[in-house]
Amino acid sequence: MKKGGFVSILLFFLVVEAFYTLVGNIIPQVESRPPKEIRITRETSIDDLVFIGERIMKEKGGCFVCHELEPREAQPRAPAFKGPDPIGRRASRRVPGMDADHYLWQSLVDPRAYVVKGFFPIMPPVNKPPVNLSDEEIVAVIAFLESLGGEVTISLDKIPRLKKDLEGVKGGR
Amino acid sequence: MTSEGSALGYPFLKALKGVVKILAILAISYLAIYLLNALLGDGVDYRNLPILGSRNLIWLVAQVHLLLGAFLLGVPMFAVTVELIGWKKGDGRFDRLAHDFTRLFTLTGTIAAILGGILLVSLFILYPGFSGYMRSIYSPTWHLYIGLVLGEVISMYLYYYSWKALEGRKGMHILLGIILNLFGIAIVFVTDIWVAFMMTPGGVDEKGNLVSMWDAINTYAWMPLNIHRLIANVAFGGSIAAAYGAYRFLSAGDDERRAYYDWMGYIGNFIAMVGLIPLPFAGYLLAMEIYAFNEQMGISMMGGTFSWLWFMQAVIIGAIFLAANYYLWTAMEKIEGAERYRGYRKYLLLVIVVCYGVWLTPHSLVATVEEARALGGAFHPVLGVFGVMAAKITAVFFLIMATFLSFMLYRRSDKRPTVSWAGKGNLLQVLLLILSAGAIIFLGVYGYFVPAAVRIRMSMAQVVIVFIFMVLFLIIEYFLYRNAEAVGRIRWGDMPGRSQYALIFLAITFTWLMGLMGYIRSGIRKFWHIYGVMPDRSPQAYLPAHGVSTFIISIAILIFFLLISLVFWMAREGRH
């Protein structure tokens with residue numbers, strides 16, 4: 001085998017590639033799968049709704065890209081949901097005349113309608129792609145948020161009512 | 001194949017042949033799509049390819065096609081630049097170098113076109129729903145693309161085959177080369193329309209109906225992607241040219257050839273470095289636009305699934321700087337007079353190793369978004385990514401400056417200035433270096449104590465300082481060494497084999513980096529064909545584990561290099 005011939009260069013090539021592939025295999029392995037659809041019906045209990053809501057926020061919603069549960073950061077990107085004044089409690093006080101159900105529904109489908117002080121309007125509407133939550137999924141998310149320091153008042157039955165009351169709220173970028 | 005034909009009719013005949021070839025490949029692809037569709041039955045959105053999987057096939061074919069395409073666009077830029085330098089300098093070596101690479105065009109073009117055909121057929125057969133939608137929107141740009149490819153082929157053949165005939169009219173020939181490059185650039189711009197649309201779509205309504213063609217073309221990612229790819233192509237073309245020089249150097253039988261190929265490697269590497277240095281800035285521009293399009297996409301690109309791949313990117317970029325400097329330092333061995341500067345190498349090495357360390361140190365490195373949340377850290381919504389990287393950016397600026405200095409030392413090695421103010425000029429350059437390095441460190445450290453929004457301005461200031469430093473340094477250098485006397489000569493060809501392996505390493509690594517970055521760029525769409533517009537409902541709508549992705553990237557790069565070796569082998573001297 002000639003030094004510097006094709007074969008030794010090929011070997012060198014394979015060693016370099018093997019090294020990069022090895023590094024690729026040593027680093028923590030993450031696989032990203034599309035979120036599973038979870039069925040939500042009128043029979044789904046409140047506890048299950050809360051549980052499903054949290055899961056949606058972690059997976060399909062991707063909410064924790066920006067939000068956190070416990071306030072930890074000095075300059076958070078988005079408000080934390082727990083803490084001294086958790087979202088379940090503060091939701092009903094945000095906008096005069098709006099209860100928690102209405103406020104949260106609005107925050108999710110038209111985040112720019114009310115922008116929390118000290119933050120930028122960067123949140124995408126969750127009923128639009130790419131997040132694209134269904135009405136039922138939004139209910140589950142609201143149930144989880146309300147369960148944080150508040151009382152879960154949302155239910156699937158309220159969907160038509162909420163949509164009608166928030167007629168002007170369209171969402172979209 | 002020969003370019004000896006001196007009549008101008010000959011190149012046109014060749015160009016016609018090229019056009020026929022492309023049209024034939026296109027016709028065969030259309031026919032294949034038609035026949036396969038008839039055979040497999042219409043009306044589905046997906047067809048699965050057994051064993052390999054549809055997605056992996058597309059991944060491999062698209063990656064190899066893109067690399068060949070990048071080579072086809074990068075090498076003409078390289079060739080015309082070199083030809084122009086040769087013409088201005090009256091140095092025949094440059095002309096030979098340019099011509100040597102032009103020889104590779106026609107065959108590479110054919111292979112790239114065949115792969116393009118395979119890609120087209122695979123897309124329409126395996127992903128009919130998606131491909132049909134893209135066609136419904138982008139037919140006009142597709143036809144434009146075909147036209148541009150034909151223009152590219154014609155000007156490519158004319159450029160290559162008229163080399164001898166236009167020997168006496170160099171300006172004319174270079175003009176042809178520039179036209180060739182304009183076609184190449186236009187092709188990048190058109191193909192980027194489609195890719196950018198898939199990442200950051202625009203111009204369509206919620207149901208995906210076309211509302212505005214121009215908005216669907218001018219999407220968020222389009223321009224930054226164009227800029228990024230153009231610059232990267234220069235670096236890519238140069239690095240492949242250098243690797244080829246290295247290979248020929250290593251297998252050269254006589255000193256004359258060794259000298260020539262040593263020089264070829266040097267020029268290729270030089271052009272690669274010129275392309276590499278502005279690349280990070282183009283990268284940040286692209287990232288900014290992605291953030292502007294969708295915050296969630298930007299954040300999960302930098303901090304989520306991909307954070308460990310950014311770590312790999314850091315490993316690779318550091319290795320590139322290290323190898324490039326190593327090459328320059330060994331190259332100084334062959335320059336008589338370089339003894340004067342060899343002592344500096346250890347300090348440069350120290351700077352590079354320390355910076356590499358900083359650059360590698362994980363800052364916001366976590367496997368999942370939840371982990372990132374759990375760790376916390378000061379983020380600013382839009383600029384957070386830059387803030388977190390303050391120390392790293394400082395390190396990169398030092399890597400760039402150290403490489404720049406290595407190159408300057410190399411340039412000076414065989415010369416001594418004759419101007420009366422040589423001492424003062426040199427001192428001025430040293431002062432400039434100390435001042436800029438000090439300012440960059442100061443800004444980098446200070447950046448830790450200010451809010452992220454201010455910090456971003458710090459790194460912008462650092463960019464400006466590095467830039468001004470290099471420009472002023474070069475201006476002084478130019479006047480300082482204008483009428484310099486030679487103190488020795490460069491013994492071209494007198495290079496150790498390891499230096500050539502450094503060049504080969506650079507080419508492999510640079511190509512691998514393109515594969516990795518391309519994967520991230522494409523992967524941020526996650527389970528969407530077109531982000532937010534068309535979901536991927538195929539069984540392979542997921543991002544594989546990093547180990548699997550890096551393996552697929554390695555396979556694609558291997559296929560590319562085997563094909564390119566074939567081209568080099570077919571086009572080697574003395575073969576017709």
### Message
I'd like to verify something: which residue of B:Thr509, B:Val315, B:Val548 has the highest number of heavy-atom pairs under 4.5 Å with chain A?
### Response
B:Thr509

### Message
Taking the ring of A:Tyr114 and the ring of A:Tyr103, is the distance between their centroids below 6.0 Å?
### Response
yes

### Task
Please confirm whether B:Phe293 and B:Tyr220 have ring centers closer than 6.0 angstrom.
yes

### Query
chain A heavy atoms under 4.5 Å from B:Leu562: which part of the residue, side chain, backbone, both or neither?
side chain

### Query
Would A:Asp135 and A:Lys163 pass as an ion pair if we require N to O under 4.0 Å?
yes

### Query
Tell me, side chain or backbone of A:Leu14 under 4.5 Å from chain B's heavy atoms, or both, or neither?
side chain

### Task
Is it possible for you to check whether A:Arg33 lies under 6.0 Å from the centre of the six-membered ring of B:Tyr542, through NZ or CZ, and within 45° of that ring's axis?
yes

### Query
Taking atom types as modelled, is there a side-chain donor on A:Ser92 or A:Asp99 under 3.5 Å from an acceptor on the other?
no

### Query
Does any heavy atom of chain A fall under 4.5 Å from the side chain of B:Phe249, the backbone, both, or neither of them?
neither

### chain B contact via A:Pro34 - which portion, at a heavy-atom distance below 4.5 Å
both

### Query
Do B:Trp59 and B:Tyr519 have their ring centres less than 6.0 Å from each other?
yes

### Task
With a 4.5 Å cut-off on heavy-atom pairs, point out which of B:Ile504, B:Val533, B:Leu309 contacts chain A the most.
B:Ile504

### Query
For the candidates A:Asn132, A:Leu22, A:Leu10, A:Val23, which exhibits the highest count of non-hydrogen atom pairs separated by less than 4.5 Å from chain B?
A:Val23

